[in-house]
Amino acid sequence: MIDGTAGVSGRREADEALLDNPDALAEHDPGGMLRHTASAGAQVRESAALAAEANLSVLADDGRPRAVVIAGIGTAGRTGDVLATVAGPRCPVPVIAHRSAGVPGWVGAADVVIAVSASGRSPEALGAAEAAHRRGARLVAVGAPDSQLQSIAEQARAPFIPVPRRAPARASLWALTVPVLLAARSLGLVKVNEADLAETAARLDAEADRCRSSAESFVNPAKSLALGLAGSIPIVWGSSPLATVAARRFGDTLSANARYPVVTGALGEAGRGRVGLLDGVFGGLAEGERDIFADPTETDGEGTRLRLVLLRDGGLNAEDDTDEPFAVEERRADAVQTLAERRGVRCDVVTAEGGSALERLASLVAVPDFASIYLALAHGLDPMAVPAITEMKELSNQ
């Protein structure tokens, strides 16, 4: 019989003091998730160099595809969302993130399938690569070297970009994303140049320095965000399509690293229903009963409350040809902040910076990535080892 609590450890209350103790942080992070996350800038540079060696230019020989399918699960699947967003609404062909085994029934010789798997052995990526080869679609594969995925790519005589497996997939977002973007560039779908990649890597390096474990909470934006979220039910909304990708990424890392339940999505979509959460039993109803003279940092058993995190695109896409006018996105973001303030629901705002879509995305992803790890560590959780994931795999394999 499997013990459902085997390997589960930690504490319900967050230990704020631990976050300002670098030695204690290192002790609670034996797998080095902070270090792996700090390597994001290096991941961009390394994967760009590996993609350059893969001769992706051959993808252009057969012209523009009818559609591009990015096949993968988890973080690998999130690369498809990144590509669709960076390509933008003016992309000349559909870009579809596909998160189940195989490929959509309509995929054929006119299409391109990009199969992505950090391990090179996920059933979703392997099934998609095999199906693409069988149907005569152009194939690109991204994953661990000397893996099953590489073998399928070699059989199909398709480009393969080897991504060395140095960290869990969820800490390898940039290593997996850059090859996907560069494959799409070879197909004429995105305008990502070397300067964009260099600036994105530099942005990720700078954020890693700001969020380093030796920086105290009052100057470390990731630690501050983690402490604000501690003991809450986070709601993470993005003001634009780009910010929504970052919001969903934050949901991924909060769930996997910190084991927190989280609501994520697009602010426009939230305004049609989910914004009502601010009025509910964890929002305005709970806040209305709070002692106005109480210390706002002390919950003292008063119950779990919502914490809103708003990711804003920052006005940097005002000139882009987007699906929705920039002014509408800004008004909506201002409105939800006002709604939260009126109901006493605390709100953290992360605003994008940078000149390209990719750099702006990096600026929205970096601090939340670190925050999810610091939140895990504050609860005494190992952000790398997730017993439920291991147990789920064991039960599924049976």
Side-chain angles (χ1 to χ4, degrees), residues 8 10-16 19 217 221-240 243-313 324 328-351 364 367-368 371-372 374-381 388:
V8 178
R11 65 184 75 87
R12 281 184 57 86
E13 299 297 323
D15 182 355
E16 297 185 14
L19 294 190
S217 299
K223 290 181 180 179
S224 297
L225 180 57
L227 291 174
L229 291 173
S232 73
I233 300 174
I235 298 180
V236 189
W237 285 329
S239 69
S240 70
T244 299
V245 172
R248 292 190 169 121
R249 161 68 177 179
F250 195 18
D252 295 342
T253 57
L254 279 173
S255 297
N257 294 334
R259 283 67 134 177
Y260 263 56
V262 57
V263 177
T264 67
L267 192 52
E269 182 180 77
R272 299 296 187 271
R274 286 190 174 182
V275 74
L277 290 168
L278 300 178
D279 291 334
V281 295
F282 300 108
L285 289 181
E287 298 299 338
E289 299 173 357
R290 180 192 292 273
D291 180 357
I292 62 172
F293 298 107
D295 183 344
T297 63
E298 290 287 340
T299 59
D300 194 27
E302 293 178 359
T304 304
R305 292 184 171 84
L306 300 181
R307 183 82 176 207
L308 178 61
V309 180
L310 186 57
L311 305 185
R312 300 186 64 157
D313 215 349
E324 188 168 53
V328 174
E329 293 177 357
E330 287 295 282
R331 286 199 302 272
R332 187 182 289 131
D334 289 339
V336 79
Q337 285 186 248
T338 300
L339 287 173
E341 181 179 350
R342 288 176 178 174
R343 287 152 178 77
V345 176
R346 290 168 179 77
C347 178
D348 297 284
V349 180
V350 181
T351 302
L364 290 174
V367 170
S372 70
Y374 284 126
L375 185 56
L377 296 173
H379 282 287
L381 296 166

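Please read these numbers as outputs of a predicted model, since none were measured by experiment. What you see below is based on every heavy atom in this structure, not just the backbone, and it leaves out hydrogens, waters and symmetry mates.
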### Query
CG/L267 to OG1/T244 distance, rounded to the nearest 0.5 angstrom?
8.0 Å
### L364 CG to S239 OG distance, which is reported to the nearest 0.5 Å
8.0 Å
### Task
Mark yes or no for whether S224, through its side chain, and S217, through its backbone, hold a donor-acceptor pair below 3.5 Å.
yes
### Task
Taking all non-hydrogen atoms of both residues into account, name the closest pair between S240 and E329 and its distance.
CB-OE1, 3.4 Å
### Query
Does a side-chain N-to-carboxylate-O contact under 4.0 Å join R312 and D334?
yes
### S255 (side chain) donor-acceptor with D252 (main chain) under 3.5 angstrom
no
### Query
Heavy-atom distance under 4.5 Å between the side chains of L311 and V236, does that happen here?
yes
#### Entry: Crowding at CZ, R11 (>12 non-hydrogen neighbours, <6.0 Å)
yes
### Task
Kindly give the heavy-atom pair with the smallest separation between A247 and G238, and that separation in Å.
CB-N, 3.8 Å
#### Entry: Side-chain heavy-atom pair L225, F250 within 4.5 angstrom cut-off
yes
### Task
Indicate the atoms forming the closest heavy-atom contact of L285 with D279, along with that distance.
CG-O, 3.5 Å
### Query
Considering only heavy atoms from C-beta outward, does the side chain of V336 approach that of L278 to under 4.5 Å?
yes
### Message
Please find the pair of heavy atoms, one from R12 and one from H379, that lie closest to each other, and give the distance.
### Response
O-CE1, 2.8 Å
### Query
Do Y260 side-chain atoms and G231 backbone N/O form a donor-acceptor pair below 3.5 Å?
yes
### Message
Quick check: do V345 and I235 have side-chain heavy atoms less than 4.5 Å from each other?
### Response
no
### Task
Look up atom CZ in R249 and atom CG in L254, then write down how far apart they are to the nearest 0.5 Å.
10.5 Å
### Query
Between W237 and L308, is any pair of side-chain heavy atoms under 4.5 Å apart?
yes
### Summary
Note: S372 and A258 closest approach over all heavy atoms is O-CB, 3.6 Å
### Message
Whether the side chain of R248 engages the backbone of A246 through a donor-acceptor N/O pair (distance < 3.5 Å, no angle test) should be reported.
### Response
no
#### Entry: Approximate separation, where rounding is to 0.5 Å, of L377 CG and N257 CG
9.0 Å
#### Entry: Any donor-acceptor N/O pair, R274 side chain to T264 backbone, under 3.5 Å
yes
### Summary
When every non-hydrogen atom of L229 is compared with those of P234, the smallest separation belongs to CD2-CB, 3.9 Å
